[in-house]
Amino acid sequence: MCFARRTWFVASALCFLALALSSPLSAQAQTQTSILGFTPSSAAHEAEIESKFKAIPSPDEERRQHHIFTAEPHVAGSARNNELARYIADEWRQEGLEDVIIRRYDVYGSNPKSTFLEMTAPVHYRALLREMSVPGDPDMKNKSISSAWSGMSASGEVTAALVYAHSGNPEDYELLRKQGIDVKGKVVLVRYSNPYSYRGFKALTAQREGAAVILIYSDPAEDGYKKGQVVPKGPWGPEYHIQRGAITYDFMVPGDPLTPGWASIPGAKRIPVEEAVSIPKIMALPLSWHDAKPLLANMDGPVAPDDWQGGLPIKYHLGGKRVRVHVKIEMDNSTQPYYVVEGRIRGAELPDEWIVLGNHRDAWVFGGVDPSSGTASMMELTRALGKLAKQGIRPRRTVVVCSWDGEEVGLTGSTEWGEQFADELRSKAVAYINVDSSTSGPNFHGQAVASLAPMLVETTHTLQDPSGKTLYEAWKESSTREHSEGKQEQAEDSNLADTHIGSGSDHTVFLNFVGMPVLGLQFDGPYGVYHSAYDDFFWMNHFGDPGYRYHTLMSQLWGVLALRLANADLLPFDFASYASNIREFVNELAKDKDKWGQDKTMWGLDLKPVLAAVDNFEAAGKRLDESAAHALASGAIDPKLADTINHGTMQVERNWLNPDGIPGRPWFKHILYGARFTYAHLELPGLTEAVEKQDWPTAKQQAEILRQALVNNTKLVNELNSTLNSETAEAGK
Ligand SMILES: [Zn+2]
């Protein structure tokens, strides 16, 4: 789904012009002579392997695979999605992947039986709840395109008055209350993104307000004609496009709602549906603006405030009396099998150290961008890895690749798999690299925990962007443009990678539950058909990536990152970079001190000890960086010593976990990264939420947990540094 990052990228004709006018004397991607974590000779060897690897993925193959995955709708739990699981397993076996297995999880799934909406007063209108075909796109005539539905909606039938509640966030209901409008027992109509919040948060908010139904529509101001040309002429959403999506409360706990914290394998214990906190109790339905317009046009009540007015040529009113609607939703929410496909290339030297890669397979409809662009990139990546393995070129460590299921429902497949193998992952896993949607345009967006940000940035120097620049240069330019939309800020190496990691895709279980470092990769562009049927093969071939060059670049980037982590002599974790990032998080929180409330004593909450612990962690990280650089430059590292150091550095991420979890959400164990209920990223989640609630005793506790984790990791990194120094000195004698 990737909604955490669905920022409706600002389509700027200028940015394409800038690319077109840029220097034809562009730099070629360099073969690197030094690589973080490698001795000079292994860096040279690595560069050879990488150039062989990068030569394999091809745009034609990316397109061919993309066509297979987007040929039919393949929602989680459907026969087609399961058939694609078998297809992936067969392909992987042929490509030379090992231990290919399809794992079954019996999870609480969600499917529509029927949905119905009509306006009964003041005039009759029956909503289409369907997407009309457009000239030139044969897939839009496919009979198996679903009608409008929301994953995990409750079933029921209601006839009630309709209220327009803007974006459906708590402050919107405050405003309605001030206008004397109560939504209890009524139907609320809200927009998707103004400002953006996850639809599940809108549903929970409406449920808390006592509304009977929430209708969520796509206003043309957000992803339609107000942004630019719509399908079939441009990339934005047309009149009939419907943004499907789940409303699962997976910000409380992701995965199967009936097995919170353990895997849904056969025979697993399950909690009763009534006890599952992530299952919504409200009815929900998504609407196109075609269906929302007659409702909005007939509303009475006060005129909505200016910033509530949308892109339709009508005056938006708050409603509440005149318009009445009749909604009937019948869902089949019940336990059904989801399938995760798993394969690997066993490591030649260190098979029990894993680099895990993953992409989800399930799509709301065809999944042109989300997720089949990523699936195509994954298939070319595995073909290239398999081809190298057949030539005897194997990674030193094991590369595990997974095709997840039910990501769109509640990050379900990856969560169950991560929960099933949590212990093994905590001892073996080096990192997880997620690609959800691989491509909706040319602008690279790379996410990383800060310890891996430097290696991500370094890797982009070796890749060629279709613009003719290196990926690094292209990234820096698009990133500077993005930054300058808000504030004048030049993108620097240190802020290129996005280290603010919320939830919204399959990295969540690995980061927040298992304690693995994660990376997330995506190319972005103007994209207004998210989760609609128009997100398909036609869209990709006309707007997203017509030449499949960014798909190809994604396979290369994803693979090179995996190979670097798999082949490094010393794992390229940079803890000094991690420390400075944590300092930013703490300072960000401290900056808002004025907003902390009237109680200036704050029960003695003092962030200085935390900042002092950050300084110590940074100093330890710097010393280890220097020692590692020194040891690597010496040309050879004793394998046993490397093993000690690598297993030690792998432990650092695990040490950010608090076994009790963050207050109120025990599943989310990471103390640096979390997500708000809106799906916005949330740094230092336990501490930040306590401060925002002005719950000073909890805030003090959380600050102490953070300080203690910093102390533990400083101690660990210092010990590793002493070991590395003494043994390197020994070897030098
Ligand atoms: Zn997705």
Side-chain angles (χ1 to χ4, degrees), residues 1-9 66 69-70 73-78 81 84-85 88 110 146 150-152 192-193 196 198-200 223 242-248 250-251 254-255 286 338 340-341 357-379 402-415 417-418 432-441 445 447 501-511 518-525 527-537 539-540 544-545 550-551 554 558 675 679:
M1 64 194 126
C2 237
F3 35 70
R5 304 206 21 261
R6 264 289 40 91
T7 49
W8 309 121
F9 204 91
H66 187 247
F69 284 97
T70 56
H74 52 288
V75 78
S78 66
N81 199 42
L84 288 173
I88 291 173
S110 180
S146 64
S150 301
M152 289 290 173
Y192 258 109
S193 352
Y196 177 81
Y198 164 51
R199 69 184 86 73
D223 62 0
I242 298 165
Q243 187 192 130
R244 294 161 189 76
I247 57 165
T248 317
D250 53 3
F251 40 79
Y338 282 5
V340 169
V341 193
L357 318 180
N359 157 264
H360 74 89
R361 186 177 67 253
D362 63 304
W364 283 104
V365 191
F366 299 104
V369 170
D370 182 7
S372 302
S373 63
T375 315
S377 292
M378 177 182 71
M379 296 311 284
C402 292
S403 165
W404 309 121
D405 201 352
E407 186 269 359
E408 296 291 1
V409 184
L411 316 176
T412 311
S414 57
T415 301
W417 191 88
Y432 173 70
I433 315 179
N434 192 57
V435 174
D436 187 314
S437 304
S438 114
T439 309
S440 61
H445 188 99
Q447 278 195 320
I501 307 176
S503 183
S505 193
D506 291 306
H507 60 276
T508 305
V509 70
F510 302 107
L511 180 65
V518 300
L519 291 156
L521 316 169
Q522 184 171 9
F523 289 96
D524 269 334
Y527 173 47
V529 296
Y530 172 64
H531 287 187
S532 78
Y534 303 96
D535 182 11
D536 66 358
F537 189 68
W539 191 93
M540 187 58 75
D545 186 20
Y550 289 94
H551 282 75
M554 180 60 85
W558 197 358
Y679 258 127

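Atoms within a ligand are numbered from 1 in the order they appear, just like the ligands themselves. These numbers come from a predicted model, not from an experiment.
For the residue pair Asp370 and His360, a side-chain donor N or O sits within less than 3.5 Å of a side-chain acceptor on the partner. Checked by atom type, the side-chain pair Thr70/Asp536 shows no donor-acceptor distance below 3.5 Å. Side-chain atoms of Tyr679 and Asp250 include a donor-acceptor pair closer than 3.5 Å.
The Zn ion (ligand 1) sits nearest to atom OD1 when only the N, O or S atoms of Asp436 are considered.
Checked against the 6.0 Å centroid threshold, Phe510 and Trp404 count as a close aromatic pair.
Here the angle at the Zn ion (ligand 1) defined by OD1 in Asp370 and NE2 in His360 stands at 100°, rounded to 10 degrees.
Among the backbone and side-chain atoms of Glu407, none of the N, O or S atoms lies under 2.8 Å from the Zn ion (ligand 1).
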